[in-house]
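Working notes for the structure below.
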Amino acid sequence: MSRHRHRRPAPRKKARERVALRALIAGGLVAALGAGVGLWASGGDDSTPTASAAGQTSRSASGGERSAAAPSASPRPSRTYPLSTAPRTIPAVRGFTAARGPGWRPAAGHRVVVTDPRLADEGRLIAGELGMSYAGQKGDSRSGDLRLTLGGGGGAESYTLTVRDGRVTVSGPSDAGVFYGTRTLKQEVRKGGTAPEGVVKDAPAKPQRAFSLDIARKYFSPGWIEDRIRELGDLKYNQFGLHFSDDQAFRIESDTHPEIVAAQHLTKAQVKQIVDLAASRHITVVPEIDSPGHLGAVLAAHPELQLRNVNGVARRGAIDISKDASAKLLDDLLGEYAGLFPGAQWHLGGDEYQALTVSNPAASFPQLAAAARQRYGSGAGVADLATGWLNDRADTIRAHDRTMRVWNDGFFRNSTVKPASDLVVAYWTGKEIGARVPAEYLSAGRKVLNYNDEYLYYVLGEPQTFVYPTGQRIYEQWTPRVLRGRTPVSSAYDAQILGGSFSVWCDLANSQTQDQVAAGIRMPLRATSQKLWDARTPALTWAQFRTLAGRLG
């Protein structure tokens, strides 16, 4: 048996083997680093490092499964992203489909484009707010674009907001829905944030979402009112109630009756600017000239129309509805201001008529009783005359194609004359004499708006039993079905409750400055917005909601 002897390799061959070994080790290290640390997601604040390896299954940006490509001689890293989370906005969005991707942020070089000229106002507004350029109607698509488009199903105020592939599309069946989509986007990217990849589908629970302001008892400057309208628009409110006539003052310039106007008032030009700004935010200004009560400022210039009892004692704020001149005066004003306020909604008032707060109206006001019998028959009473007064004023406004609301205590229980069938009940209290529970109106088929004074009345100076409402109480306890006190009506009536209003009343006008009012109503406005947009129990706690409000501004 022979044995093979092992020979040492030649020096040159051994050197070549060492070089090859070092290259092999270096190549493996690079591959390992590429797989382990080279695949960082880089698209936003919520990005996290992820890794994938050849032969594994990964998710695409749209969330679908895809098979990884076979390894190549020189593999190149690819990016993956965590699944996005729903945006945090006020009010909260009602539906969100998550996706994987970098999200979107506005930049000075990005465009806002529209597919329909009717969206030009919405396009210009959001472009200015986000520091982008408005490019108008365009058919091409560029990276970073924000595109506004009309289309899709759902209600008029619904919208879809899609963030995908470095672009954003906001679509809706109307310009109002598209506008609300831009409000969501504005909140998403506020203070350098990122709009998350994915699809928002959103719509309000209630079609009427209002804030009401008493400028009759306290003057508020046009600038302050305009600031509130901008705030309301961003919170997706769509009505601004303006109570400008009461016992203390009549606060808007008048051409038909200039003698009734207070020295400190809004000019018609100022009101038009307010109405136009509101319209640009899809907010309808809802005027209120309250009658037949709360007319003290008008009657100061027309004392001959003041209601007086059998002893000749004047009743504060009440007009004598037995006189033809009273009706003419109110119809003059209603016709005049119908031209100034072109929106589809109108508030007729109707509350706290002093002739009906006494134990025996017919004995106290025989002239009213006589007028009732003359017009409606021998069995008619003062309540019938008052109901007929509101119906007549409704006829005046209906001619201007408006939908009207009346305070709940303007619907009288014992009258044989019935309020017009199209009058909406503005339910504010159950504390007034003869006030009926909400279910009485609802069971009769009436539509109702929620002005609940237990939660939604911010009354300056906190007179009587009023206390300033808090956002927390509204957020945690109130829903649109809580019309009176703290007890909700049956869910069977939900569709008849059109929405609601948070209101500022200025009974003790000097108790707060207008800036203090703005600060005091800040969180109640946000809480009310949340519950009108989505009446379900919110996902955030009150503490989280308050923190979010602070971040959004």
Side-chain angles (χ1 to χ4, degrees), residues 91 204-214 237-239 241 243 286 288 290 345-352 390 403-413 418-459 464-505 521 524-538:
K206 293 299 178 184
Q208 298 190 36
R209 306 173 303 280
F211 167 66
S212 300
L213 180 66
D214 169 16
Y237 283 86
N238 63 3
Q239 291 183 9
H243 177 91
V286 183
E288 181 191 0
D290 201 347
Q345 303 290 328
W346 196 281
H347 202 320
L348 289 172
D351 65 316
E352 299 180 323
L390 282 175
T403 299
M404 296 149 291
R405 65 193 65 168
V406 173
W407 295 117
N408 62 286
D409 50 325
F411 292 81
F412 307 111
R413 175 182 280 114
K418 301 304 178 186
S421 60
D422 60 346
L423 298 180
V424 174
V425 180
Y427 201 99
W428 72 281
T429 188
K431 301 170 185 174
E432 296 297 302
I433 295 173
R436 287 176 281 173
V437 296
E440 288 194 37
Y441 303 98
L442 294 163
S443 62
R446 289 276 179 188
K447 294 179 179 178
V448 176
L449 285 164
N450 191 325
Y451 285 78
N452 188 333
D453 64 346
E454 177 76 19
Y455 290 95
L456 305 179
Y457 263 35
Y458 192 94
V459 185
Q464 303 175 38
T465 60
F466 289 108
V467 295
Y468 291 128
T470 68
Q472 184 171 3
R473 284 194 71 220
I474 297 167
Y475 189 79
E476 295 179 343
Q477 300 175 19
W478 181 81
T479 74
R481 285 172 44 214
V482 181
L483 286 159
R484 172 176 175 168
R486 305 178 187 183
T487 305
V489 299
S490 167
S491 60
Y493 297 127
D494 189 66
Q496 290 173 242
I497 302 171
L498 301 179
S501 177
F502 185 86
S503 303
V504 170
W505 298 102
I521 66 176
L525 275 179
R526 282 151 179 76
T528 304
S529 165
Q530 174 60 47
K531 301 305 277 292
L532 288 171
W533 193 265
D534 188 346
R536 297 172 297 181
T537 301

Can you find a pair of side-chain heavy atoms, one from His347 and one from Ser212, that are under 4.5 Å apart?
no
Quick one: closest heavy-atom pair of Thr470 and Pro524, and the distance?
C-CG, 4.1 Å
To the nearest 0.5 Å, tell me how far Arg405 CZ sits from Leu423 CG.
11.5 Å
Any side-chain heavy-atom pair of Gln496 and Val448 under 4.5 Å
no
Smallest heavy-atom separation, Gln239 atom then Gln345 atom, equals NE2-CG, 3.8 Å
Could you tell me whether the side chain of Asn238 and the main chain of Arg209 form a donor-acceptor pair under 3.5 Å?
yes
Could you tell me whether the side chain of Phe411 reaches within less than 4.5 Å of the side chain of Glu440, counting heavy atoms only?
no
Among Val489, Val482, Val425, whose side-chain contact (heavy atoms from CB on, under 4.5 Å) with Ile497 holds?
Val489
Working note: Gln477 + Arg486, criterion side-chain hydrogen bond (donor to acceptor under 3.5 Å, both in side chains); need CA distance, chi angles, decisive distance, verdict.
CA-CA 8 Å; Gln477 300 175 19; Arg486 305 178 187 183; 5.3 Å; no
Backbone N/O of Ser503 and side chain of Ser501: donor-acceptor pair under 3.5 Å
no
Atom pair CZ/OG1 of Arg536 and Thr479 - distance to nearest 0.5 Å
13.0 Å
Only residue of Tyr455, Trp505, Tyr458 satisfying ring-ring contact (aromatic ring centres under 6.0 Å, His included) with Tyr468 is Tyr458
Below 4.5 Å, heavy atoms only, C-beta onward: do Thr528 and Phe211 meet side chain to side chain?
no
For the CH2 atom of Trp533 and the NZ atom of Lys206, what is their distance to the nearest 0.5 Å?
14.0 Å
Any non-hydrogen side-chain atom of Ser443 less than 4.5 Å from a side-chain atom of Tyr493?
yes
Keeping the roles fixed (side chain from Asp534, backbone from Pro204), state whether a donor-acceptor pair exists under 3.5 Å.
no
Counting only N and O atoms by type, is there a donor-acceptor contact under 3.5 Å from the side chain of Asn408 to the main-chain atoms of Thr429?
yes
Is the side chain of Lys531 donor-acceptor paired with the backbone N or O of Tyr475 at a distance under 3.5 Å, no angle test?
yes
For a 4.5 angstrom cut-off between non-hydrogen side-chain atoms, does Leu456 reach Trp478?
yes
Work out which heavy atom in Ser421 is nearest to a heavy atom in Arg446; give both atom names and the distance.
O-NH1, 3.5 Å
Could you give the distance from CZ (Arg436) to CG (Asp409), rounded to the nearest 0.5 Å?
10.5 Å
Show the numbers, then the answer: is there a side chain to side chain contact (heavy atoms under 4.5 Å, CB included) between Glu454 and Arg473?
CA-CA 10 Å; Glu454 177 76 19; Arg473 284 194 71 220; 3.5 Å; yes
Determine the minimum heavy-atom distance between Arg484 and Gly430, stating which atoms define it.
NH2-O, 3.2 Å
Does the Gln208 side chain pair with the main chain of Gly499, one donor and one acceptor, at a distance under 3.5 Å?
no
Taking the six-membered ring for Trp, are Trp407 and Tyr451 parallel (under 30°), tilted (30 to 60°) or perpendicular (over 60°)?
perpendicular
How long is the straight-line distance from CG of Leu498 back to CG of Leu532, given to the nearest 0.5 Å?
11.5 Å
So how far is it from Met404 CE to Leu390 CG, rounded to the nearest 0.5 Å?
10.5 Å
Which atom of Ala205 lies closest to which atom of Ala535, heavy atoms considered:
CB-N, 4.4 Å
Nearest atoms (heavy-atom pairs only) where Glu288 meets Gly349:
OE2-CA, 3.5 Å
